[in-house]
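Just below is one structure, and these are the notes that go with it.
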Amino acid sequence: MSVTELRPSRGSNAPVEQIKLETAATTRLLEAEGILDYSGHVSTRIPGRDAFVIQIGSTSRAEVSPESMLVVDYDGKVLEGDGQPPSELPIHLEILRARPDVQSVLHSHMELAIAFTMMEGVTLVPMRARASRWKSGIPIDPDPSHIKLPEQGRALAKTLGPHHAVLMRAHGLCLVAESVQGLFVDAVHFKENATAQMQALQAGAKPIPLTDAEIAQIERMEMRDWHIKKLWNYYIRKANTENVLPQSWADQLVPTKEMLKRDKTMN
Ligand SMILES: [Zn+2]
């Protein structure tokens, strides 16, 4: 299945314009959900080009638009757009280089996730059903500083390895996914899962992570592509109603009724 077929947006834009729009919309949605704030960023590959989009570093995450997205190559050179990328660009460069299966990368300073890098004897684990996504593990990168050098980015990509998430000691996290919509949905579920584990800890209880058998059963019932479309539809429409996204973006982002039609409920 091609990347284009996975896209739940209806977008009739040229591919690069659609990627800019979807990445800008995702950034605003993540800010509205408290996953991004004054910092953090999202990058998405441009299919068929040796380049990706990322926002201008100084643009408010609540106001990012397709016009504030840059096209950057894998050497970090800005090919299109008027501005400078975020100072932590090496995070995106090195993860996208190391992981050809990944289309989109999120770097966030989510407080709740950072807490799991600062508690002795506590590891963030899959608790909620949707957290089966992180069954292979959530490693912690030991570098607590901002990632501004290529060698730091390479070390982070090495810690991430084949996983879908990496925590960064006292700093933040990165998530990776096969599409920018999938990345957004993962971020929502990552926060839900960290919240669930923190609530268990705060209740003074020992968290009970999902077992391998439970994860296998969850995956038998899972329809990731459809689930991504469903949540994307919900959050884009909600953001339009609440003026998080301009109304004029809706036509290119809201899935059509046809796209949301399901011919089965499990794989
Ligand atoms: Zn950072």
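Every number for a ligand or one of its atoms is a count from 1 in the order of the listing.
- The aromatic rings of His107 and His41 sit tilted relative to each other, their planes meeting at an angle between 30° and 60°.
- Salt-bridge formation is not detected for the pair Arg220/Glu214: no Lys NZ or Arg NE/NH1/NH2 atom is positioned less than 4.0 Å from an Asp or Glu carboxylate oxygen.
- With salt bridges taken as basic N to acidic carboxylate O contacts below 4.0 Å, one links Lys135 and Glu219.
- Taking CD1 of Ile91 as the reference point, atom NE2 of His146 lies at 8.0 Å (rounded to 0.5 Å).
- Ile54 CD1 to Met69 CE: the interatomic distance, rounded to the nearest 0.5 Å, is 7.5 Å.
- The number of protein N/O/S atoms found under 2.8 Å from the Zn ion (ligand 1) is 4.
- The existence of a salt bridge linking Asp75 and Arg97 is confirmed by a sub-4.0 Å separation between a basic side-chain nitrogen and an acidic carboxylate oxygen.
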